[in-house]
Amino acid sequence: MRVLWILPYLPWPATSGGKTRQYHLLKNLARQGYRITLLVQSKQPADEACRSELESFLEALIVFPRRPLRHPLTLLMALFGRWPLLTSINGHAPELEAEFSRLLESSWDIVQIEHSYSFQPYARELKKRQQPFILTEHNLESSLGGATYNRFPRWMRPFVVWDQWRARRWEREVFAAATRIVAVTEEDATAIRQLTQTPVDVVVNGVDCAAFSTVSPSPEEQRLLFLGNYEYPPNVDAVTWLLDEIMPLLWQKRPDAKCTVAGYAMQQEWALRWPDSRIEWAGFVEDLAGLQRTSSVFVAPLQDGGGSKLKVLEAMAGGLPLVTTRQGASGLQIQDGQEYLHADDAESFAEAVARLLEHPAQAASLAAGARHYVRDRHDWQAAADQLAGVYRSIKGASE
């Protein structure tokens, strides 16, 4: 099958959960013989290393630049347009729209668009040509406002209310236009089905289980690990809660505990805000398995967000015992006390971490259960097989 796959960011390097998902699904489907053209609108150019990696398994890679965030057109559309903020940032791209029109002159078995917020440049041509397409929605975007809008000053509250209304309206419009929708969790799929008559399938998030199969944590290090992409506001909130509230309580119980904060787009002022020598600021780490080997417990103090968390799946695949919130475990069929420890307030979170640091046998038991769960249900090959099944059902329905 020939697939035209459309993204609002480059999937390499895999510095976020969304990029990791794209990269592994693309690569696994290419191995199955799918011929994929990737059309990308990116705020960053594709350098030689990126092109070399992606073009090794894609049929074609086409990259267009995204307007700067503070471009006058972006600001004008964000303030006065009918589109929500994220769509205004990623939309209104005439050259991208023209290239998409040119591509649709060819025959495609599948056209796949990632994220409703990226849809605007493609809407007109899809409708004009009556072109069927799959929409993949990584989160129900209209439900994610809290962590983003909380950073807006109070005087912008009227804009926030208006933008949330625009997001809900836009979501329904895009859902109705799609031939099929792909969600990443059954919870998201259920929520989307309440908003549209368009069929919704689930393609789970995954992990490269083989890459983490030889990892073993280090209980003797007494080290917590948190990992995230800090362009995503829920991860920033998680770091704030972890270091402002959870770690002081943990240090009362375990003053020798250390904490490593790693990930992309780390804010430089954090080291000044939290100067404790027991905190290590690792930044973006290419060798995640190596970082896991120096850690004792993975913590995911997430209070907002959606979908299932790739960092959580990677920690489970690496054999790290996990402490997380209801939100951190969302989309996963894991049980408190069997594959992880659950905590939704700072005191119980610190208590759960202290328990695992003090009782390595319990930590190892949880980690073994988590690793078995991930291997059984969330390997990237299984996720790619789910998506290939969606493709086959669409192709079969059109013949």
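Computed from a predicted structure; not experimentally measured. Residue numbers count from 1 along this sequence.
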Would you say Glu173 and Trp170 are linked by a side-chain donor-acceptor pair, where the criterion is simply a distance under 3.5 Å? no

Using only atom types and a distance under 3.5 Å, with no angle test, would you say the side chain of Arg392 pairs donor to acceptor with the backbone of Leu387? no

Looking only at atom types and distance, does a side-chain atom of Arg166 sit under 3.5 Å from a main-chain N or O of Ala78, one as donor and one as acceptor? yes

Straight-line distance of Arg67 CZ to Leu75 CG, nearest 0.5 Å: 9.5 Å

Using distance alone, with no hydrogens and no angle criterion, decide if Arg2 and Thr37 have a side-chain donor and acceptor under 3.5 Å apart. no

Check: Trp108 side chain, Leu103 main-chain N or O, donor-acceptor pair, under 3.5 Å: yes

To check you understand the geometry: which heavy-atom pair defines the closest contact between Leu38 and Leu26, and what is its length? CD2-CD1, 4.1 Å

Would you check if the distance from the ring center of Tyr122 to the ring center of Phe133 is below 6.0 Å? no

Mind checking the CD1-CE spacing from Ile110 to Met1? Nearest 0.5 Å is all I need. 5.5 Å

Common cluster, Leu73/Phe80, ILVMFWY with side-chain heavy-atom separation under 4.5 Å: yes

Using only atom types and a distance under 3.5 Å, with no angle test, would you say the side chain of Ser88 pairs donor to acceptor with the backbone of Thr74? no

With a 4.0 Å cut-off, would you call Arg273 and Asp244 a salt bridge? yes

Using 30° and 60° as the class limits, which term best fits the ring planes of His24 and Trp380: parallel, tilted or perpendicular? parallel

Is there a donor-acceptor contact under 3.5 Å linking the side chains of His138 and Gln22? yes

Heavy-atom donor-acceptor pair, Glu125 side chain to Phe100 backbone, under 3.5 Å: no

Please identify each residue that fulfils salt bridge (charged side-chain N to carboxylate O under 4.0 Å, His left out) with Arg193, with sequence neighbours left out. Glu186

Ser42 side-chain N/O to Pro65 backbone N/O, donor-acceptor pair under 3.5 Å: no

Nearest atoms (heavy-atom pairs only) where Ala289 meets Val215: CB-CG2, 3.6 Å

Mind checking whether Trp83 and Tyr117 have ring centres under 6.0 Å apart? no

Compare every heavy atom of Ser295 with every heavy atom of Leu225, then report the nearest pair and how far apart it is. CB-OG, 3.6 Å

Distance (rounded to the nearest 0.5 Å) between Ile113 CD1 and Ile6 CD1: 4.5 Å

Take Leu320 and Val297 through the side chain to side chain contact (heavy atoms under 4.5 Å, CB included) test and state the conclusion after the steps. CA-CA 6 Å; Leu320 281 173; Val297 176; over 6 Å; no

Taking only Lys NZ, Arg NE, NH1 and NH2, and the carboxylate oxygens of Asp or Glu, determine whether Glu53 and Lys27 approach each other closer than 4.0 Å. yes

For the residue pair Ile192 and Val200, what are the closest heavy atoms and their distance? CG2-CG2, 3.8 Å

Heavy-atom neighbours of Gln268 CD exceed 12 at 6.0 Å: no

Enclosure of Glu59 CD (heavy-atom neighbours >12, cutoff 6.0 Å): yes

Between Glu221 and Thr294, a side-chain donor and acceptor under 3.5 Å: no

Please find the pair of heavy atoms, one from Ala30 and one from Phe57, that lie closest to each other, and give the distance. CB-O, 3.4 Å

Closer than 4.0 angstrom, basic N to acidic O: yes or no for Glu351 and Lys253? yes

Quick one about Asn235 and Lys311 (side-chain donor to acceptor, distance below 3.5 Å, no hydrogens or angles considered), yes or no? yes

Angle class for the Tyr391/Tyr34 ring planes (parallel below 30°, perpendicular above 60°, tilted otherwise)? perpendicular

How long is the span from the CZ atom in Arg293 to the OG atom in Ser216, to the nearest 0.5 Å? 7.5 Å

May I ask you to decide if the ring planes of Trp12 and Tyr23 are parallel, tilted or perpendicular, using 30° and 60° as cut-offs? tilted

Counting distance only, does the side-chain N/O of Ser365 pair as donor-acceptor with the main-chain N or O of Ala361 below 3.5 Å? no

Would you say that more than 12 heavy atoms from the other residues, nucleotides or ligands in this model lie under 6.0 Å from the CZ of Arg129, or not? yes

Test Lys309 against Ser330 for side-chain hydrogen bond (donor to acceptor under 3.5 Å, both in side chains), laying out the working first. CA-CA 8 Å; Lys309 315 304 184 289; Ser330 68; 2.7 Å; yes

Do Asp237 and Thr240 meet the criterion of a side-chain donor-acceptor pair at a distance under 3.5 Å? no

Check this for me: does any side-chain nitrogen of one of Arg124 and Glu97 sit under 4.0 Å from a carboxylate oxygen of the other? yes

Does atom CZ of Arg326 have more than 12 heavy-atom neighbours, drawn from other residues, nucleotides or ligands, at distances under 6.0 Å? no

Rounded to the nearest 0.5 Å, the CG atom of Leu243 sits from the SG atom of Cys259 at a distance of 5.5 Å

Exam field: side chain Thr179 to backbone Pro132, donor-acceptor pair closer than 3.5 Å: no

Look at atom CD of Glu269 and say whether more than 12 heavy atoms of other residues, nucleotides or ligands are closer to it than 6.0 Å. yes

Residue pair Gln327, Asp344: steps toward the side chain to side chain contact (heavy atoms under 4.5 Å, CB included) verdict: CA-CA 9 Å; Gln327 183 58 248; Asp344 273 327; over 6 Å; no

Should Arg172 and Thr196 be marked as a side-chain hydrogen bond (donor to acceptor under 3.5 Å, both in side chains) after you check the CA-CA gap, both sets of side-chain angles, and the distance that decides it? CA-CA 7 Å; Arg172 287 169 170 80; Thr196 183; over 6 Å; no

Determine, step by step, whether Leu39 and Phe64 satisfy the side chain to side chain contact (heavy atoms under 4.5 Å, CB included) criterion, reporting the C-alpha distance in whole Å, the side-chain angles of both residues, the deciding distance to 0.1 Å, and the verdict. CA-CA 8 Å; Leu39 176 62; Phe64 280 81; 4.1 Å; yes

Do the side-chain N and O atoms of Arg223 and Thr260 include a donor-acceptor pair separated by under 3.5 angstrom? yes

Regarding Thr136 and Glu114, do their side chains bring together a donor and an acceptor under 3.5 Å, going by distance alone? yes

Go through the steps for His342 and Phe349 under the test side chain to side chain contact (heavy atoms under 4.5 Å, CB included), then give the verdict. CA-CA 8 Å; His342 169 264; Phe349 206 109; over 6 Å; no

Less than 3.5 Å apart, any donor N or O on the side chain of Thr87 or Arg82 sitting next to an acceptor on the other? no

His71 side, atom NE2; Met77 side, atom CE - distance, nearest 0.5 Å: 11.5 Å

Applying side-chain hydrogen bond (donor to acceptor under 3.5 Å, both in side chains) to Gln222 and Arg254, what does each step give before you reach the verdict? CA-CA 9 Å; Gln222 298 288 287; Arg254 302 289 303 185; 2.6 Å; yes

Between Glu171 and Arg168, does any NZ, NE, NH1 or NH2 come within less than 4.0 Å of an OD or OE carboxylate oxygen? no

Checking Asp385 against Gln381 for the side-chain hydrogen bond (donor to acceptor under 3.5 Å, both in side chains) test, could you report, in this order, the C-alpha distance in whole Å, the side-chain angles of both residues, the deciding distance, and whether it holds? CA-CA 6 Å; Asp385 289 344; Gln381 184 57 60; 2.9 Å; yes

Which atom names give the shortest non-hydrogen contact between Arg66 and Ile89, and what distance separates them? CZ-CG2, 3.6 Å

